[in-house]
Amino acid sequence: MFSTQIRPVTDLRNKYSDVECDLANGPVVLTKNGYGASVLVSIDMFDRLIKKQELYEAVSRSESEIESGLGLDAVSALSKMRATLNV
């Protein structure tokens with residue numbers, strides 16, 4: 001898992017290298033006037049989050065297709081593949 005760092009937004013200007021180092025440990029929450037304003041993440045973490053989101057969206061689309069009768073559940077899909085491949 002990762003730890004979340006909390007820093008004032010002025011650290012972006014005054015201590016950027018420290019903020020950048022903190023990103024290796026997880027997201028950095030930037031505060032403005034004591035309240036959360038933004039979240040910074042490393043490119044690696046951003047890519048992982050995007051890939052997870054794409055997977056969740058694909059699963060959601062699949063579930064919607066199954067509910068509407070357009071898709072196949074796993075058992076039916078496997079049976080169809082076995083029949084097609086003569087396995």
Side-chain angles (χ1 to χ4, degrees):
M1 200 62 179
F2 55 82
S3 63
T4 301
Q5 305 291 318
I6 300 173
R7 291 181 158 272
V9 73
T10 55
D11 280 2
L12 277 179
R13 180 185 59 225
N14 300 330
K15 300 177 183 177
Y16 179 78
S17 61
D18 293 344
V19 174
E20 188 176 29
C21 287
D22 285 346
L23 289 173
N25 300 319
V28 175
V29 175
L30 299 175
T31 61
K32 185 174 181 181
N33 298 323
Y35 296 96
S38 304
V39 177
L40 294 176
V41 295
S42 67
I43 290 176
D44 181 54
M45 181 174 279
F46 180 76
D47 287 341
R48 285 183 285 156
L49 290 170
I50 292 299
K51 287 177 185 173
K52 281 183 183 180
Q53 182 62 33
E54 289 171 349
L55 177 63
Y56 295 150
E57 290 172 0
V59 168
S60 179
R61 279 192 308 274
S62 297
E63 289 174 340
S64 295
E65 288 175 1
I66 290 169
E67 289 173 3
S68 66
L70 297 174
L72 298 174
D73 59 51
V75 173
S76 300
L78 186 56
S79 296
K80 187 175 180 178
M81 286 184 344
R82 285 184 175 150
T84 301
L85 298 172
N86 297 318
V87 178

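Numbers here simply count residues along the sequence, with the first being 1.
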Using 0.5 Å steps for rounding, measure from the CG atom of Asp22 to the OG atom of Ser42. 12.0 Å
Shared hydrophobic cluster for Leu49 and Ile43 (ILVMFWY, side-chain gaps under 4.5 Å): no
Give the intermediate values and the outcome of side chain to side chain contact (heavy atoms under 4.5 Å, CB included) for residues Leu40 and Arg7. CA-CA 11 Å; Leu40 294 176; Arg7 291 181 158 272; over 6 Å; no
Crowding at CG, Asn14 (>12 non-hydrogen neighbours, <6.0 Å): yes
To the nearest 0.5 Å, how far apart are CG in Leu12 and CD in Glu20? 10.5 Å
Minimal heavy-atom distance between Pro27 and Val41, with the atoms involved, is CB-CG1, 3.9 Å
So if you build clusters from Ile, Leu, Val, Met, Phe, Trp, Tyr with side-chain heavy-atom gaps below 4.5 Å, do Val29 and Phe46 land together? yes
First locate atom CZ of Arg82, then atom CG of Leu78, and finally report the distance between them rounded to the nearest 0.5 Å. 4.0 Å
Is there a donor-acceptor contact under 3.5 Å from the side chain of Ser60 to the main chain of Tyr56? no
Mind checking what makes side chain to side chain contact (heavy atoms under 4.5 Å, CB included) contact with Glu67, not counting sequence neighbours? none
What heavy-atom pair brings Met45 and Gly26 nearest, and what distance separates the two atoms? CE-CA, 4.2 Å
Look up atom OG in Ser17 and atom CG in Asp11, then write down how far apart they are to the nearest 0.5 Å. 10.0 Å
Salt bridge between Asp44 and Arg48, side-chain N to carboxylate O under 4.0 Å? yes
Are Tyr16 and Leu23 connected in the hydrophobic side-chain network, where two residues link if heavy atoms are under 4.5 Å apart? yes
Nearest 0.5 Å please: distance from the NZ atom of Lys52 over to the CD atom of Glu54. 13.0 Å
